[in-house]
Amino acid sequence: MAIRAMCWCRCAASSDRLAAVKTGRNLVVAATLSRIAAAIVGGFVATAAIVIAIPALVAGNKVQWVMGASLVGFALWTAAAIWSFAAATATRAWVGLALVTVVGAAITFVAGVSR
Amino acid sequence: MSGGSVRQALSSLHVWGGLVFGWLLMVIFVAGTISVFAGTVTEWMTGAPVKAERALTPEESLRALDHAIARMDQTGPIAPEFNFYLPIGYAGWKAKGGEWKEVYYDLATGKPRSDGPATGRTTAGGGHFVALHFSLHAGMAGILLVGFVTLMMLVALVSGVIIHKRIFKDFFTLRLGKGQRSWLDGHNVASVLTLPFQLMIAYTGLTIFFTVWMPASIWYHYGMPGGLEAELEGKSPFVSASQSENQPPGEPAGAAVPLAAVMPLAREAVSQSGLAVEQIVLTPDAAGKLRLWIIMHGDHDHATLLPAPETVFQGVGSPVRLRREDRTPGTATKTADVMYSLHAAHFGGAAAQWLWFLSGIAGCAMIATGLVLFTVKRKQRSGHEFGVATSRVYRVIEALNVATIAGTMLASAAYFWGNRLLPLTMANRANAEVICFLLVWALTLIHALLRPPRRAWPEQFGLAAILCLGLPLLNLATVGDWFGAYARRGEWGNFGLETVAFAIGLCFAFLAGRTGRMRA
C-alpha cells in the first residue's frame, strides 16, 4: 500500500512537472509568435511611419524624397526585424517599434499642421 | 539580455527563417543566376541567331522611320495612334476598326518579315527564368512573395553575420569529409566569401520594385488610385509626378496629327540632338489627350553604372512643333538607376556578367548548404521541436530540400529539353515549355516525398546530370548543332551555354555519386 502511494506521488509529481514544462513551452511559443509578428507587421508599420515622415519635412516637390526614403526603407525594415528578435522580451520589441511609429507619425502630423 | 542570449535568439531567427524562406530563395537564386545570361539562353533556344538589336545611325533611323510609316496600311492624312520601335524594325498602329496591327520589317529594304523579331523556334527563352526570378510565374501575388522572401534573405544575412563569431578565421576554414562540421564550414565559406555580393544583390533587388514593396510613402504623399498594379505599370500619380519633375508636361499634340508632319519632326529632332531616333509614339495620355513622343537613342558604352542619358522630344501644339524635354534625373532616381544596373549586371560587359553568374552559384551553394545543414544537424540529435510529429516534419523538410535544390536544377534542365523536343508547330509553344518546367518541378516534389532521401538525392541529381550532359547530343539530333559547330562558326554564346551546361552536368554527376554514398 505504501509502495503504491509512493508510486502515485511520484507520478503526480512528474505529471505536474510535465504540465509546468508544457506551460513553459507554450509561453515560449507565444513569445516567439509575437516576435515574428513584431518583425513583419510591426516592422512594416514602423518603417512606413518613417518613410512617410521624411518627405513630409520637405516643402514643394517631394518626388526625390519619397523615392529616397522608400529606397532606405528596406534597411529600416531589416533593422526592425533584427530588433524584434534581439530585444530582451517580445513586449519590449513591440514597445520599441511603437515608439518609432509614434515619432514618425508625430513628425508627419506636425509638418502637416505647420504648413 | 546578455550578448550570449541575443546571439542565441538571432541564431534561431537565422536557422528557422533561413529554413522557411530558403526553399523559395533557392528557386529565386537558381533562376536569377541563369537570368544573367537570359539573352544567351533565348539565342540557344530559338535555335537561330537572334537578330541583335544594334544601335542605328541617325540616317539609318530616319530611313527605318520612313519604312515604318510606309508599312501602315492606313494612308489618310491624319496619323492613327502608333508605336514604332526602330532598332528591330517594329511598327504597330491602331487600324480603322480600332484593333492594334503590327508588322516587323527589314531595316534595309522595308519589306515585311513574316518571322517576327527573331527567326527560329517559338520559345519562352531566357524570359522564363527572369519571370520565375521576380514573380515565380504567379503575377502580382508572386512579386509580393518574392519581395518578402528577399527581405527575409536580408534579415538572414544580417543575423548570420551577428551570430558568426569568427568571421575572419572562417574565411580560411574548410574541413572536408567531417560530416556536420563540413556542411557548416561549406555554408560559412560560401556565405562569407560572397557576403558583399549577397547583401548587394538582395538590397538592389528590393529597390527595383520599391513602388510595390515599399509603397507607404507613395501612398501617403501621392495616393495610389490604381493600386499596386498601376505602380508596377508606371501609370500612377507618383510615376507621372516623377516624369514631369523638371518640366511641366506641356500642351498635347493637338486633336489630330497630320501623318506628313511626323517625318519632318523626327528630322528636326535628329539635327537638334545629333542622335538617332529609337522610338516614336503617338498615344493618348491619362487625360485622353494625344501626345507625340520622340525618344532618341542615348550613347551607352556599358562602362558606367548610370544608364544612358535620355533625350526625349515631344511634338506639341497645333500645328505640331518640336519641344525638347529636359529630363535630368534627381539624386534618388540616379541612385535607383545605379542599383538596377548593379543588380542586373548592366555594366562592365562580359566580365561583370561572369562574376555575377559565379557569385550567383555561390549564393545557391550558400542556401543549399544552409538547408542541408539543418537536416544533417537534426539527424545527429533531434531537436524534438514538433513533439510527436517531429520525425514526420523532418521528413517533409528533407523532401522540400530535395525538390528545391536538386528538383529546381532538374526542372531547369528539363526546360531546355522541352524546347528541343516539343513539336515546332504546336500552339502556345512558349507556354508549353514553361509548363514543362513546372510539371517536372512538381514531379520532383512528389518523388522526394515518396522516396527515402538517400535515394531521392542521387536519383534527381543523376537525372539532372544525364539531361545536362546529353544536351549537346539532343541539340545535334534535333537542330543539327553542337558546341563544336558553334565554336567553328564563332557563336560563342551558344558554345558557352552548352559547355557550361556540360560542366554543370559533371558537377551534378559528382553530387549524385556523393549523395548516393551518404549514410541514411
Side-chain angles (χ1 to χ4, degrees), chain A residues 21-22 25-26 28-29 31-33 35-36 38-40 43-58 60-90 92-93 101 104-105 108-109 111-112, chain B residues 1-3 5-14 16-17 20 147-148 150-159 161-162 199 202-207 210-211 213-222 238-246 329-336 339 384-385 387:
Chain A
V21 167
K22 264 194 172 163
R25 182 172 285 177
N26 285 343
V28 169
V29 168
T32 307
L33 288 178
R35 283 178 194 269
I36 292 172
I40 297 168
F44 180 80
V45 174
T47 306
I50 296 300
V51 299
I52 287 171
I54 294 171
L57 292 169
V58 188
N61 188 357
K62 294 179 198 295
V63 166
Q64 293 298 315
W65 288 92
V66 167
M67 201 167 174
S70 303
L71 295 179
V72 175
F74 297 111
L76 299 179
W77 198 356
T78 307
I82 297 287
W83 158 254
S84 301
F85 281 82
T89 63
R92 196 181 286 191
T101 310
T108 308
F109 180 74
Chain B
M1 203 186 230
S2 67
S5 57
V6 169
R7 190 166 270 157
Q8 191 152 25
L10 290 178
S11 173
S12 337
L13 173 67
H14 183 84
W16 289 96
V20 172
F148 188 64
T150 312
L151 190 81
M152 290 304 131
M153 176 190 174
L154 215 47
V155 172
L157 285 173
V158 175
S159 59
V161 171
I162 297 172
L199 282 169
Y203 206 96
T204 55
L206 286 168
T207 60
F210 80 93
T211 54
W213 292 333
M214 187 58 66
S217 199
I218 296 170
W219 165 79
Y220 183 84
H221 292 287
Y222 289 90
F238 172 71
V239 176
S240 17
S242 60
Q243 274 167 359
S244 57
E245 197 182 3
N246 301 309
T331 312
T333 309
K334 272 190 198 153
T335 309
M339 294 216 251
H384 300 292
E385 294 96 340

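The chains referred to below are lettered A, B, ... by the order of the sequence lines, with proteins before strands, and numbering in each begins at 1. The figures here come from the full heavy-atom set of this structure, side chains too, leaving out hydrogens, waters and symmetry mates.
- In this structure, CE on B:M152 lies 6.5 Å from CH2 on A:W77, to the nearest 0.5 angstrom.
- In terms of heavy atoms, A:I40 sits closest to B:F148 at CD1-CZ, 3.6 Å.
- The heavy-atom pair separating A:I82 from B:S159 by the smallest distance is CD1-N, 3.8 Å.
- With a threshold of 4.5 angstrom between heavy atoms, A:A79 does not approach chain B through any atom at all.
- Residue B:W16: no heavy atom, backbone or side chain, is found under 4.5 Å from chain A.
- B:W213 contributes atom CH2, which lies 7.5 Å from atom CZ of A:F74 (distance to the nearest 0.5 angstrom).
- Both the backbone and the side chain of A:A75 have a heavy atom closer than 4.5 Å to some heavy atom of chain B.
- In this structure, the portion of A:T47 lying under 4.5 Å from any heavy atom of chain B is its side chain and not its backbone.
- Between atom CG of residue B:L13 and atom OG1 of residue A:T32 there is a gap of 10.5 Å, rounded to the nearest 0.5 Å.
- Counting heavy-atom pairs closer than 4.5 Å to chain A, the top residue among B:I218, B:L154, B:T211, B:T331 is B:L154.
- Taken from CD1 in B:I162 to CZ in A:F85, the straight-line distance is 12.5 Å, to the nearest 0.5 Å.
- Residues forming a ring-ring contact (aromatic ring centres under 6.0 Å, His included) with B:Y220 (at least two apart in sequence, or on another chain): none.
- For B:Y203, the ring-ring contact (aromatic ring centres under 6.0 Å, His included) test picks out no residue, with sequence neighbours left out.
- Scanning both residues, B:H221 and A:P55, for their nearest heavy atoms gives NE2-CB, 3.6 Å.
- Counting only distance, with no hydrogens or angles, the side chain of B:S217 and the backbone of A:S70 share no donor-acceptor pair below 3.5 Å.
- Going from atom CG of B:L206 over to atom OG1 of A:T78 covers 7.5 Å, rounded to the nearest 0.5 Å.
- Nearest heavy atoms, A:V63 versus B:F238: O-CE1, 4.0 Å.
- Across all non-hydrogen atoms, the minimal contact from B:A332 to A:M67 is CB-CB, 3.9 Å.
- Atom CH2 of A:W65 sits in a sparse spot, with 12 or fewer heavy atoms from other residues, nucleotides or ligands closer than 6.0 Å.
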